[in-house]
Amino acid sequence: AQSVTQLGSHVSVSEGALVLLRCNYSSSVPPYLFWYVQYPNQGLQLLLKYTTGATLVKGINGFEAEFKKSETSFHLTKPSAHMSDAAEYFCAVSARRGAQKLVFGQGTRLTINP
Amino acid sequence: NAGVTQTPKFQVLKTGQSMTLQCAQDMNHNSMYWYRQDPGMGLRLIYYSASEGTTDKGEVPNGYNVSRLNKREFSLRLESAAPSQTSVYFCASIGPGAITGELFFGEGSRLTVL
């Protein structure tokens, strides 16, 4: 079974500041890990994913995330926040084999202050 | 290329009324999903269809039924709506060969049950 915990339902940063959104997962098998972004009144879109190989993965819009097995974490970062990054972000996990389902965290709403 | 299309986008129902949410994808995807999104709870899987002709329950199936009409279409029916079903509903699909979790989402259907 898999589960995801996102630390902080709301995060607020200043424009140009570092963005850090935290995600911890639980999985009985090696996981696939994902970050999705949801802009207001839209559906979710894939931001980045970790499957195998390099543990630091890069996504769209300058975001990246690092898979740390020892810490069961997959935190999302961006060096310099932009106003357009304001959205809700969801971390998600699925099992590598045989899974048809994706388990989502509760989401973190990111606000960017000018 | 429209991707995943959901109708209607908005609906208000009275308790006890029935309705069907429609979803169609034009990407030749095999698997389709229905999620509901509630504040602070992320996305929860209602039902999914791994392939045409099959459907399976997700995390929160009670009060819902689904039909995989063909490869393109996957509908969600509320037989007797309840206020607890007020939510935003998302349909999603995943293509053959894609790893589990790379979902394409529709823009959502916002349902209010009075």
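Side chains are part of it too, since the values below use all heavy atoms of this structure and drop only hydrogens, waters and symmetry mates. Letters A, B, ... are given to chains in the order of the sequence lines, protein chains preceding strands, and every chain is numbered from 1. These numbers come from a predicted model, not from an experiment.
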Handout entry: Heavy-atom neighbours of B:Arg110 CZ exceed 12 at 6.0 Å
Key =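 Enclosed: over 12 neighbouring heavy atoms sit under 6.0 Å from CZ of B:Arg110.
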Handout entry: Over 12 foreign heavy atoms within 6.0 Å of CZ, A:Phe63
Key =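 Correct, the count exceeds 12.
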Cluster check [X], [Y]: I/L/V/M/F/W/Y, side chain < 4.5 angstrom:
X: A:Leu56; Y: A:Leu21; answer: no
X: B:Leu43; Y: B:Tyr48; answer: yes
X: A:Val57; Y: A:Val19; answer: yes
X: B:Val113; Y: B:Tyr89; answer: yes
X: A:Tyr89; Y: A:Met83; answer: yes

Practice task
Give a yes or no answer on whether the side chain of B:Tyr33 reaches the backbone of A:Leu102 with a donor-acceptor pair at less than 3.5 Å.
Solution key: no
Exercise for the section: Identify which part of A:Glu88 has an atom lying under 4.5 Å from any heavy atom of chain B, answering side chain, backbone, both or neither. Expected result: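 Side chain only.
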Problem - Audit row: A:Gln42, B:Phe105, side-chain contact (heavy atoms from CB on, under 4.5 Å) steps and yes/no - result: CA-CA 9 Å; A:Gln42 295 187 24; B:Phe105 283 85; over 6 Å; no
Handout entry: Full working for side-chain contact (heavy atoms from CB on, under 4.5 Å) between B:Leu103 and A:Tyr36
Key = CA-CA 10 Å; B:Leu103 294 169; A:Tyr36 280 83; 3.7 Å; yes
Completion exercise
Contact list (residues 105-114 of chain A to chain B, heavy-atom gap under 4.5 Å, by number) returns A:Gly105, A:Gln106
Exercise for the section: Enter the distance from A:Thr51:OG1 to B:Glu102:CD here, rounded to the nearest 0.5 Å. Expected result: 8.0 Å
Practice task
Side chain from CB out, backbone as N, CA, C, O: work out which of these in B:Gln37 comes under 4.5 Å of a heavy atom of chain A, or both, or neither.
Solution key: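 It is the side chain, since no backbone atom gets that close.
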Exercise for the section: Please examine the side chains of A:Phe104 and B:Arg44, heavy atoms only from C-beta on, and report whether any two atoms are closer than 4.5 Å. Expected result: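 Sidechains of A:Phe104 and B:Arg44: no contact.
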